[in-house]
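This is a predicted model, so every value here is computed, not measured.
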Amino acid sequence: MSYKLLEETVSSISKYHFPIVGVIKTTNKCELLGTCTMLKLDNRYFLISASHVMHVKEKILNNELWLWNFMNQHKYVITEDIIYIPNEDVPNWNDIAIIEIDHKYYNIPEECFIQLPRLFYNLKTIKDNKYIITGYPSSQNKKRLNPARLKLPKLFAFFTDKCKKSNIKGYEELATIICLDYNNQNLIEKGNKLPKPNGMSGGGVWLLSDKSEFNPRLMAIPVSYDINNKVVNAIKIDLVLSTIKGFFKNTILDKIDLPIDINEEKGIISIPHDLINDSFTDIVRDEIVNIYFDDEK
């Protein structure tokens, strides 16, 4: 993909992502903590991010996370209940946070919310596709948060491939995770260096395909970085949708069959056995007690 075409593509999807910021207690400075992605399901609106980004609120002033609306340069305190894992060490495969929001309070236009037709939800592995990782790196936005000369936040986009290696047994085969290369060799403009991905958690992984009316389509949410292998790990949008279906009643998702079933009342996650392998089973059993596979119900 040419630089110009990539630029045009990124311009069309950048509106769906917003920075999350907060004032760190120890330094009293406002910092970019992560990224969020906006989703609309009929007449309901959701903010999607990483669980560990939400957990940072324990370290910020007044426990206040702010959504930085780049359209009017205002910061809005996130006041709604958050569905997330309130632990510092969150397993990568389940590192998501979901908030149902009042989009009018945040002054976010309707067109900034992605909708179902532009999502790609299919847990099975896709081969030979290209991807774009999007998010707001903290390193590229520090000066932009200076109250004296506040500037528009800078979104970063990286054109890349699915990784072919990992130092964690079976990790690249996890049903809910996709791993993508994040190294300088994939840069279109050679000689440049990638920014540290800190702050990009909660952004997007976009699948490039000419086989759909919408191109690219949002496939996953980046949540962590494997510095040894230079790999970004992202949670597939399937788990995000299944979590919404399990925790938020009466959405359009009630009419859609999703491969992952989450029962919020019983605390059960069910994953079809043909979408996992023994390595995935071992990893999951170490991290969550109430999980069932289809052959164990």
Go through it in stages, so that I can follow the logic: the residues are F18 and L47, the test is side chain to side chain contact (heavy atoms under 4.5 Å, CB included), and I'd like the CA-CA distance, side-chain angles, deciding distance and then a yes or no. CA-CA 10 Å; F18 290 78; L47 180 158; over 6 Å; no

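- Under the 4.5 Å side-chain criterion, counting only non-hydrogen atoms from C-beta, K230 is in contact with Y225.
- Applying the ring pair (Phe, Tyr, Trp, His ring centres under 6.0 Å) test between Y182 and each of F158, F159, Y131 identifies F158 as the sole match.
- Closest heavy-atom contact between Y136 and K154: CD2-O, 3.2 Å.
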Is there a side chain to side chain contact (heavy atoms under 4.5 Å, CB included) between V23 and C30 once you walk through the steps? CA-CA 4 Å; V23 177; C30 186; 4.2 Å; yes

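- How far OH of Y16 is from CE of M38: 13.0 Å, rounded to the nearest 0.5 Å.
- Within the 4.5 Å cutoff, no side-chain heavy atoms of F214 are placed close to those of L119.
- By the rule that hydrophobic residues join a cluster once side-chain heavy atoms approach within less than 4.5 Å of another member, I177 and V90 end up as members of separate clusters.
- Within a 6.0 Å sphere centred on CG of D254, other residues, nucleotides and ligands contribute more than 12 heavy atoms.
- The closest donor-acceptor contact from the side chain of S138 to the backbone of L32 lies under 3.5 Å.
- Taking 4.5 Å as the limit, every side-chain heavy atom of V205 sits out of range of all side-chain heavy atoms of I237.
- In summary, K15 and E111 do not engage in a salt bridge, as defined by a charged side-chain N under 4.0 Å from a carboxylate O.
- Separation of atoms CZ (R118) and CD (Q115) is listed at 11.5 Å; rounding is to 0.5 Å.
- Between L239 and N94, the closest heavy-atom pair is CD2-OD1, 3.7 Å.
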Please assess V21 against N141 for the test side chain to side chain contact (heavy atoms under 4.5 Å, CB included), listing each intermediate value before the final yes or no. CA-CA 10 Å; V21 301; N141 285 279; over 6 Å; no

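- Taking CG of L253 as the reference point, atom CZ of R44 lies at 9.5 Å (rounded to 0.5 Å).
- Summarising the geometry of L208 relative to N129, their closest heavy-atom pair is O-ND2, 3.3 Å, with the distance given to 0.1 Å.
- What you find for V231 and D181 is that their closest heavy atoms are CG2-OD1, 4.4 Å.
- With hydrophobic clusters built from ILVMFWY side chains whose heavy atoms lie under 4.5 angstrom apart, V56 does not share a cluster with I85.
- Here CD1 of I13 is found 8.5 Å from CD1 of I114. Values are rounded to the nearest 0.5 Å.
- Y76 and W66 fall within the same hydrophobic cluster, defined by Ile, Leu, Val, Met, Phe, Trp and Tyr side-chain heavy atoms under 4.5 Å apart, directly or through other members.
- Put simply, the side chain of P153 reaches to within 4.5 Å of the side chain of Q73, judged on heavy atoms.
- For the pair V223 and S201, the tightest heavy-atom approach, listed with the atom from each and the gap, is O-OG, 3.2 Å.
- When the options T134, T9, N215 are evaluated for a side-chain hydrogen bond (donor to acceptor under 3.5 Å, both in side chains) with W206, the one that passes is T134.
- Here the closest non-hydrogen pair linking L258 and K245 is CD1-CD, 4.0 Å.
- Residues L39 and I244 meet the side-chain proximity criterion, which asks for heavy atoms closer than 4.5 Å.
- I101 has its side chain within reach of Y106: a pair of non-hydrogen atoms, C-beta onward, lies under 4.5 Å apart.
- There is a side-chain donor-acceptor pair under 3.5 Å between S224 and N233.
- Heavy atoms of other residues, nucleotides or ligands lying less than 6.0 angstrom from NZ of K25 number more than 12.
- Side-chain contact between N69 and I108: present, with at least one pair of heavy atoms (C-beta onward) separated by less than 4.5 Å.
- Between L67 and C36 the shortest side-chain heavy-atom distance falls below 4.5 Å.
- In this structure, the side chain of K143 does not engage the main chain of Q140 through any donor-acceptor pair within 3.5 Å.
- Going from atom CD1 of I178 over to atom CG of L207 covers 8.0 Å, rounded to the nearest 0.5 Å.
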Would you sort out whether S49 and M54 count as a side chain to side chain contact (heavy atoms under 4.5 Å, CB included), showing the intermediate values? CA-CA 8 Å; S49 191; M54 297 294 115; 4.0 Å; yes

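- Using modelled atom types, no side-chain atom of T37 and backbone atom of H17 make a donor-acceptor pair closer than 3.5 Å.
- Interatomic distance, N107 CG to D102 CG, rounded to the nearest 0.5 Å: 9.5 Å.
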